[in-house]
Amino acid sequence: MKILVGIKRVVDYNVRVRVLPDGSGVDTDGVKMSVNPFDEIALEEALRIKEAGNAEEVVVVSAGGDECQQQLRTGLAMGADRAIQIRTDGPIQPLAAARALLKIVEREEPGLVILGKQAIDDDNNQTGQMLAALWDRPQATFASKVVLDGDKATVTREVDAGLETIEVDLPAVITTDLRLNEPRFVKLPDIMKAKRKPLDTVEFGELGVETGPDLQIGSHSPPPQRQKGIMVDSAEALVKELKNRGLL
Amino acid sequence: MSKILIVAEHDGSALNISTAKCVSCAQAIGGDIDIAVLGQGIDAVAAEAAKLNGVNRVVSVSAAQLEHPLAANWAPEVAALADDYTHLLGPSTTFGKDLMPRVAALLGVNQFSDVMEVQDDGSFKRPIYAGNAIIEVRAPEGTKVVMTVRTASWSQAEAGGSADVESREASTGGAGHTRWVGLQSGGDGERPDLQSAPMVVSGGRALGSAEKFEVIYQFADKLGAAVGASRAAVDAGYVPNDMQVGQTGKIIAPDLYWAFGISGAIQHITGIKDAGTIVAVNKDAEAPIFEVADIGLVGDLFTVIPEIEEQLG
Ligand SMILES: Cc1cc2nc3c(=O)[nH]c(=O)nc-3n(C[C@H](O)[C@H](O)[C@H](O)COP(=O)(O)OP(=O)(O)OC[C@H]3O[C@@H](n4cnc5c(N)ncnc54)[C@H](O)[C@@H]3O)c2cc1C
Ligand SMILES: Nc1ncnc2c1ncn2[C@@H]1O[C@H](COP(=O)(O)O)[C@@H](O)[C@H]1O
C-alpha cells in the first residue's frame with residue numbers, strides 16, 4: 001500500500017502573527033516558516049504504518065510556490081520516500097487544494113491519504129473532508145488513533161463529547177489531531193540523504209482542475225483587544241474584587 | 001431574500017445548544033430560517049427545534065443510515081436538501097467541522113469556517129492565525145454560502161416559537177464504506193457542560209498529575225463550574241481530550257474563566273478571548289496569561305486555591 005501525505009507550508013506556530021497596518025494581510029516578511037504541525041503528525045503516522053510493515057511507500061505532496069519545496073525536503077528528511085510539488089502562483093483555497101490532491105490521488109492510487117485536520121494559517125479545517133467528498137471515499141477526521149486491519153481502518157476521533165470510534169474501508173482520508181503521535185526529530189544525516197530523494201513538480205495549471213469559485217478575501221484587522229486587567233496580591237483581595245464585580 | 005438551512009446537532013434525544021446559536025447567526029443574515037434534523041427516531045429533537053424562536057420550518061429526515069452523524073452518510077442528504085436554500089449553516093463544533101466541508105465540496109463551493117460576525121448576507125468575518133487576525137470574506141456572486149458558525153460569538157436563540165415539522169424520506173442510501181463503532185464520553189456527565197457553562201475552572205501543566213488535578217475539580221464543584229484544561233494537561237494524561245480549551249480544542253465564552261497554572265500560549269488564549277472575565281493564577285509574574293487576564297494573582301496554585309476556598313466559606 002502507498003500512503004499520500006499532504007504538507008502545507010505555514011508560518012511557524014511560535015510566531016506572533018501581526019496584521020499589516022494597511023489591512024492587506026499579515027506580516028510574513030522574514031518570518032519563520034514550517035511544516036504545518038498537523039501535517040508533521042500526519043507524516044509521522046504514515047511512517048509508523050510503513051515501519052510496521054503495513055505500507056511500502058510514503059509520498060508527501062504540497063501545493064504551493066517553489067518555497068514549499070523546503071517543507072517537502074523536511075518531509076523527505078523525516079523519512080518520506082518521494083515528494084510531489086503542485087506548483088501554484090499563489091495560495092489556493094481548500095476546494096482547489098482538494099481538487100488538485102484528487103488528481104494526484106488518481107495518479108498514485110494510494111490506499112490511505114493522511115492530511116492535517118487544519119492548517120494553522122487560515123484555520124480552515126476543510127481540505128480533507130473535501131477531498132473525501134470529491135473522491136467519494138470515507139473520511140475519518142480528527143484522528144487520535146489509527147489501527148489498520150487489511151482493507152479496513154479503525155479510527156478513534158477526538159470529538160466534543162469524547163472519543164468516537166469509526167471503521168472505514170480503504171482507501172480513505174484520515175485527518176490528524178494533536179494526540180495521534182509525537183513526530184520524530186530530523187537528524188542531520190537524514191537532511192543530507194533527503195537531498196537525493198526524488199522531488200517531482202507538476203504545474204497546477206496542467207492538472208485540469210478549476211480553482212473557483214473562490215471566496216473573496218477582504219481586509220484584515222487585528223482582533224479586538226481585551227481591556228488591561230489588574231493584579232491583586234492575595235486570595236482575599238481576589239475574592240473581594242470578584243464579589244465587587246458581582247461574579248461570585 | 002435569503003433562505004437559510006441550519007443542520008441541527010443532536011445526540012439522538014436532545015438538541016445541542018450549538019443549534020440555537022446558529023439560529024442567532026441566521027437571524028443576523030436575515031431571511032427564512034429552516035432547520036434540518038437528520039437521524040433516526042428523532043421526533044423529539046425535531047419538536048425541540050421547532051420551538052426555537054425565529055424558525056420557519058423544521059425538515060426532519062429519519063433513516064437507519066443517519067442514526068449516527070457520519071459525514072459520509074449525512075453530507076449527501078444535506079446536499080440533497082440544498083436546492084431550496086441560499087445559505088447552509090452548521091455549528092463550528094467537531095460535528096459541524098466534520099460535516100459541512102463535505103457538504104460544501106458536494107455543492108462545489110468553499111466553506112466559510114468559524115463565522116463570528118455577519119456584515120451582510122454575503123459577507124462575513126472570521127478569525128485566522130489562531131485569532132491573531134480577523135478577515136472579511138465575501139461569497140462570489142450567485143454562489144451558495146456554506147458556513148460553520150463560531151458558537152462562542154453567538155447567543156442562543158430562545159425557545160418560544162412553534163414552527164411546522166415536515167418529515168421527508170431520505171433521498172440517499174448511505175455510503176456503506178463508513179461504520180460507526182462507539183462513543184466513549186470523557187467526562188462523567190455530572191458537571192456543567194464546558195461549552196455552555198457560565199463559569200469555567202481550568203488547570204494546566206502545573207497540576208502535575210491526574211491525582212493533583214483533583215484540586216481543580218473540587219474547586220470547580222464548590223463553585224458549580226465546568227472544568228477545562230490546557231493542551232499540556234490533556235497531553236500529559238491528567239484529563240480527557242474533551243476538556244481541552246483553545247485553538248484546536250473548545251472555543252468558549254463563559255462569564256468567568258479561571259486559569260490555574262496555565263502559561264497563556266496563543267493557542268490557549270484564542271479559546272477564551274470571548275470570556276467575560278479572566279482570572280489567572282500563576283507563580284511566574286512574567287507568564288503571558290497575565291497580558292489577557294482581567295484579574296491576576298502571582299502565586300502557587302496549591303496554596304492559593306485553599307485560600308480562595310476559605311474566603312468563600
Ligand atoms: C498546532 C498547535 C495547536 C495547539 N492547540 C492548543 C489548544 O487548543 N489549547 C492549548 O491549551 N494549547 C494548545 N497548544 C499548545 C500550546 O502552545 C501550549 O504548549 C500549551 O497551551 C501549554 O500548556 P500549559 O500552559 O498548561 O503549560 P506550560 O506552558 O508549561 O505552563 C505551565 C504554567 O504553570 C505555571 N506554574 C507551574 N507551577 C505552578 C504552581 N504550582 N502554581 C501556579 N503556577 C504554576 C508556570 O509558571 C507556567 O506558566 C497547541 C500547540 C500547537 C503547536
Ligand atoms: N496547499 C496545500 N498543499 C498540501 N496540503 C494541503 C494544502 N492545503 C491544505 N493541505 C492539507 O489539508 C490540511 C487541512 O488544511 P485546511 O483545510 O486548509 O485547514 C492540511 O493540514 C494539509 O494536510
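Predicted, not measured: the structure shown is a model, and the values here were computed from it. Chain letters run A, B, ... following the sequence lines, proteins first, then strands; residues in each count from 1.
Contact count against chain B (heavy-atom pairs under 4.5 Å) is highest for R137(A) among Q118(A), R137(A), R18(A). When each of T141(A), V168(A), I230(A), V239(A) is scored by its heavy-atom pairs under 4.5 Å with chain B, the top score falls to I230(A). In terms of heavy-atom pairs under 4.5 angstrom with chain B, the leader among M130(A), Q93(A), R179(A) is R179(A). Put simply, of N14(A), L242(A), L248(A), the one with the most heavy-atom pairs under 4.5 Å next to chain B is L242(A). When the candidates L178(A), D177(A), L134(A), L247(A) are compared by the number of heavy-atom contacts under 4.5 Å with chain B, L178(A) comes out ahead. Residue with the most contacts toward chain B among V19(A), T127(A), I120(A): I120(A) (heavy-atom pairs, distance under 4.5 Å).
Taking the side chain as every heavy atom from C-beta outward, V109(B) and P213(A) approach each other to under 4.5 Å. In this structure the side chain of T156(A) never reaches within 4.5 angstrom of the side chain of Q184(B), judged on heavy atoms. Contact check for N125(A) versus P101(B): no side-chain heavy atoms found under the 4.5 Å cut-off. Using a 4.5 Å heavy-atom threshold, the side chains of V11(A) and Y129(B) count as touching. You'll find the side chain of D169(A) reaches within 4.5 Å of the side chain of R179(B), heavy atoms only. Considering only heavy atoms from C-beta on, I295(B) comes within 4.5 Å of L238(A) through its side chain. Looking at N132(B) and V26(A), their side chains never come closer than 4.5 Å, going by heavy atoms from C-beta outward.
Only the side chain of L70(B) comes within less than 4.5 Å of a heavy atom of chain A; its backbone N, CA, C and O stay farther away. For chain A, the nearby part of A293(B) is the backbone; its heavy atoms alone come within less than 4.5 Å. Using a 4.5 Å cut-off between heavy atoms, V279(B) contacts chain A through its side chain alone, with no backbone atom that close. For N16(B), no part lies under 4.5 angstrom from a heavy atom of chain A. Only the side chain of L223(B) comes within less than 4.5 Å of a heavy atom in chain A; its backbone stays farther off. Using a 4.5 Å cut-off between heavy atoms, K273(B) touches chain A through backbone and side chain atoms alike.
Taking all atoms of both residues into account, the shortest heavy-atom contact from L215(A) to Q111(B) is CD1-O, 3.6 Å. Contact between K243(A) and Q311(B) at its shortest, heavy atoms only, is NZ-O, 4.1 Å.
A donor-acceptor distance shorter than 3.5 angstrom exists from the side chain of K117(A) to the backbone of T248(B), with no hydrogens or angles considered. Judged purely by atom type and a 3.5 angstrom limit, N110(B) uses its side chain to pair as donor or acceptor with the backbone of L95(A). Proximity of a side-chain donor or acceptor of R226(A) to a complementary backbone N or O of A275(B) within less than 3.5 Å is detected. A donor-acceptor pair under 3.5 Å is absent between the side-chain atoms of Q216(A) and the main chain of V137(B), judged by distance alone. Looking at D160(A), its side chain never comes within 3.5 Å of a backbone N or O of T93(B) through a donor-acceptor pair. Looking only at distances, no side-chain donor or acceptor of Q139(A) sits under 3.5 Å from a matching main-chain atom of A71(B). Side chain of S113(B) to main chain of N124(A): a donor-acceptor pair is present (N/O by atom type, distance under 3.5 Å, no hydrogens or angles).
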For this session: Go through the steps to decide whether R126(B) and D123(A) satisfy the test salt bridge (charged side-chain N to carboxylate O under 4.0 Å, His left out), and finish with yes or no.
Result: CA-CA 10 Å; R126(B) 60 170 301 256; D123(A) 285 332; over 6 Å; no
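The residues D294(B) and K228(A) are annotated as not salt-bridged, no charged nitrogen and carboxylate oxygen being separated by less than 4.0 angstrom. Remark: R16(A) engages E291(B) in a salt bridge, criterion side-chain N to carboxylate O under 4.0 Å.
In this structure, a donor-acceptor pair under 3.5 Å is absent between the side chains of W180(B) and E167(A).
The neighbour count for K144(B) NZ, taken as heavy atoms of other residues, nucleotides or ligands under 6.0 Å away, is above 12. Atom CD of E182(A) has 12 or fewer heavy atoms from other residues, nucleotides or ligands within 6.0 Å.
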